[in-house]
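Presented below is the structure to which this report refers.
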Amino acid sequence: DRDILTRKGIVKTLYDCACGTGGMLSVAEEYLHELNPDARLEVFGQELNETSYAICKADMLIKGQSATNIKFGNSFTNDQLATDQFDYMLANPPFGVEWKKVAKEIKKEAEDLGFGGRFGAGLPRISDGSFLFLQHLISKMKKNGGKGSRIAIVFNGSPLFTGSAGSGESEIRRWIIENDMLEAIVALPDQLFYNTGISTYVWVVTNRKEPNRKAKIQLINATSFFRKMTRSLGNKRNELGEDDISKITELYGNFRQGKHCKIFNNSDFGYSRITVERPLVEGGTPVTDKKGNRKPDPKLRDFENVPLKKGKLVSSEDDIRQYMEKEVLPHVPDAWVDDSKTKVGYVINFTKQFYGYKPLRCLDENRGDIPALEKETEGMLKEIVE
């Protein structure tokens with residue numbers, strides 16, 4: 001958005017629904033002023049922790065921001081900016097946060113308001129509220145008539161793949177992707193946070209994609225872009241240097257296929273989950289119902305994922321038939337598909353897309369290592385016995 005943000009006198013708004021002490025808000029304001037001294041960024045936030053809220057509000061006062069834009073309370077059950085919409089949204093919500101305590105209010109909103117509220121696409125499992133944060137932010141996007149909004153949110157790996165077809169997580173992914181809001185996902189190096197060493201991902205979500213990005217999703221593998229810290233802070237042993245940030249930004253902006261960047265159609269992450277039945281057999285004869293239809297044997301029931309074709313939202317009968325003929329029937333010729341149970345799901349297997357095959361070591365190398373390992377083991381055993 002450089003062209004937009006460098007205009008003279010530009011005013012933009014930024015929101016963080018889990019703002020903590022306001023770090024993201026402060027850094028975003030500083031960055032915009034470096035880019036354009038004449039620009040103004042109005043920041044908004046809400047925080048659940050009392051101490052963090054107080055620090056954030058004090059920081060905004062010191063920096064000349066409107067402290068009344070910083071709200072206290074739970075963003076899910078006490079949204080104090082319910083009618084506001086923002087140009088940009090940044091968030092680093094807690095990973096895998098349980099939402100059992102607020103489940104009653106959230107489920108009620110989802111049931112009563114549907115897509116008129118924040119959680120119409122679905123609800124994730126109680127043990128991980130990551131997608132609640134994202135849906136909350138999406139509800140605050142400016143509509144396309146108002147030039148739309150952009151969101152960047154930090155997740156762990158769970159939102160990429162958790163939940164089978166028809167589950168809350170899969171339905172949320174489906175809604176976001178089929179509405180062409182997922183623009184990019186950036187895989188960051190591990191050990192970036194002091195309280196956890198897990199891998200993290202930045203999801204970029206928007207309702208104003210550039211024409212060349214329409215119906216496309218960009219995956220960026222930035223796991224190797226980091227520098228080791230001279231002194232670790234808890235689990236934080238790696239950090240992004242200026243060069244690393246520049247590389248990631250360049251990959252994102254160039255939008256070209258390469259070693260660290262891959263571009264997919266939206267439908268590439270979708271699949272139809274079909275239920276494959278096999279006949280119930282008694283005394284060597286298939287059992288049928290009153291209409292003469294074969295009864296399925298629940299013990300032999302299986303499931304298959306049929307990839308969606310480009311541009312399709314569901315697999316056609318021909319797609320499923322071709323899949324069965326190629327993948328299933330050669331092994332179990334008496335199988336059939338129960339069409340009434342077919343569901344569409346979406347999963348983003350990030351690691352699979354960037355997997356690099358490593359050739360196995362030759363036998364001679366292994367043979368050469370075995371004597372050395374035996375000698376080392378023998379020495380260790382001797383030390384233990386003595």
Side-chain angles (χ1 to χ4, degrees), residues 16-21 23-24 27-28 31 52 89-99 124-125 127-134 137 151-163 169-170 172-173 176 182-205 217-255 257-264 268-269 346-360:
D16 184 347
C17 63
C19 63
T21 57
M24 279 190 167
V27 172
Y31 174 76
S52 298
M89 285 166 268
L90 296 175
N92 178 21
F95 300 143
V97 64
E98 185 180 86
W99 51 282
R125 61 196 62 198
S127 60
D128 187 357
S130 297
F131 271 141
L132 295 179
F133 287 104
L134 181 52
L137 294 177
I151 296 168
I153 185 168
V154 183
F155 280 153
N156 61 12
S158 179
L160 293 169
F161 53 80
T162 301
E169 288 92 348
S170 181
I172 295 166
R173 282 192 295 268
I176 292 170
L182 182 56
E183 181 169 270
I185 298 177
V186 182
L188 297 175
D190 60 6
Q191 301 179 45
L192 282 183
F193 296 87
Y194 75 90
N195 59 347
T196 179
I198 63 174
S199 298
T200 52
Y201 302 79
V202 176
W203 288 45
V204 181
V205 178
I217 297 172
Q218 180 183 19
L219 300 186
I220 298 174
N221 181 17
T223 54
S224 61
F225 299 163
F226 67 90
R227 63 188 182 194
K228 283 289 180 183
M229 297 175 63
T230 54
R231 184 178 179 183
S232 61
L233 297 172
N235 290 307
K236 181 176 173 61
R237 299 178 180 87
N238 301 326
E239 62 183 0
L240 298 177
E242 288 298 325
D243 289 344
D244 301 313
I245 295 171
S246 296
K247 288 177 187 176
I248 296 169
T249 309
E250 188 176 355
L251 285 168
Y252 170 68
N254 288 343
F255 194 60
Q257 294 265 22
K259 179 181 178 182
H260 299 285
C261 174
K262 294 192 177 181
I263 298 166
F264 299 88
D268 289 341
F269 300 105
Y346 280 80
V347 64
I348 303 169
N349 194 332
F350 200 104
T351 305
K352 176 184 175 182
Q353 307 304 338
F354 290 94
Y355 172 74
Y357 173 73
K358 293 182 180 179
L360 297 174

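Given the structure is predicted, the values throughout are model-derived calculations rather than measurements.
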Q | Distance (rounded to the nearest 0.5 Å) between N221 CG and L219 CG | A | 9.5 Å
Q.
Test of understanding: with side chain to side chain contact (heavy atoms under 4.5 Å, CB included), list the residues that count as partners of V97, not counting sequence neighbours.
A. P94, F133
Q. Taking only residues two or more places apart in sequence or in another chain, which ones pass side-chain hydrogen bond (donor to acceptor under 3.5 Å, both in side chains) with T200?
A. none
Q.
Is the shortest side-chain heavy-atom distance between S199 and L188 below 4.5 Å?
A. no
Q) OH of Y252 to SG of C261: how many Å apart, nearest 0.5 Å? A) 11.0 Å
(Q) I need the I348 CD1 to Q353 CD distance, nearest 0.5 Å. (A) 9.5 Å
Q: Decide side-chain contact (heavy atoms from CB on, under 4.5 Å) for F193 and L233; before the verdict, give the C-alpha distance in whole Å, the side-chain angles of both, and the deciding distance to 0.1 Å.
A: CA-CA 8 Å; F193 296 87; L233 297 172; over 6 Å; no
Q) Where the side chain of N238 meets the backbone of D190, is there a donor-acceptor pair that is under 3.5 Å apart? A) yes
Q | Residues that K352 engages under side-chain hydrogen bond (donor to acceptor under 3.5 Å, both in side chains), provided they are two or more places apart | A | none
Q. Nearest 0.5 Å, what's the CG-CG distance between L132 and L137?
A. 11.0 Å
Q: Kindly write out the residues that satisfy side chain to side chain contact (heavy atoms under 4.5 Å, CB included) with E250, not counting sequence neighbours, or none if the list is empty.
A: N254
Q) Mind checking whether I176 and L134 have side chains closer than 4.5 Å, heavy atoms only? A) yes
Q | ring pair (Phe, Tyr, Trp, His ring centres under 6.0 Å) partners for Y194, two or more places apart | A | none
Q | Straight-line distance of L192 CG to T223 OG1, nearest 0.5 Å | A | 10.5 Å
Q. D128 and S158: side-chain donor and acceptor closer than 3.5 Å?
A. yes
(Q) With salt bridge (charged side-chain N to carboxylate O under 4.0 Å, His left out) as the rule and sequence neighbours excluded, what pairs involving residues 230-249 come up? (A) R227-E239
Q) Are I217 and I263 side-chain neighbours, meaning at least one heavy-atom pair lies under 4.5 Å? A) no
(Q) I'd like to know if the side chain of R173 and the backbone of F269 have a donor-acceptor N/O pair within less than 3.5 Å. (A) no
Q) Mind checking what makes ring pair (Phe, Tyr, Trp, His ring centres under 6.0 Å) contact with W203, not counting sequence neighbours? A) F131, F155
Q.
As an exercise, state the distance from CD of E183 to CD1 of I151, rounded to the nearest 0.5 Å.
A. 11.5 Å
Q. Any side-chain heavy atom of Q191 sitting closer than 4.5 Å to one from N235?
A. no
Q: Kindly write out the residues that satisfy ring pair (Phe, Tyr, Trp, His ring centres under 6.0 Å) with Y346, not counting sequence neighbours, or none if the list is empty.
A: none
Q) Who pairs with F354 by ring pair (Phe, Tyr, Trp, His ring centres under 6.0 Å), at least two apart in sequence or on another chain? A) F350
Q.
The criterion is side-chain hydrogen bond (donor to acceptor under 3.5 Å, both in side chains); which residues satisfy it with Y201, sequence neighbours excluded?
A. none
Q. What residues form a side chain to side chain contact (heavy atoms under 4.5 Å, CB included) with V347, not counting sequence neighbours?
A. F161, Y271
Q) Who pairs with N92 by side-chain hydrogen bond (donor to acceptor under 3.5 Å, both in side chains), at least two apart in sequence or on another chain? A) none
Q. Which pair of non-hydrogen atoms, one from S130 and one from G96, has the smallest distance, and what is that distance?
A. OG-N, 4.1 Å
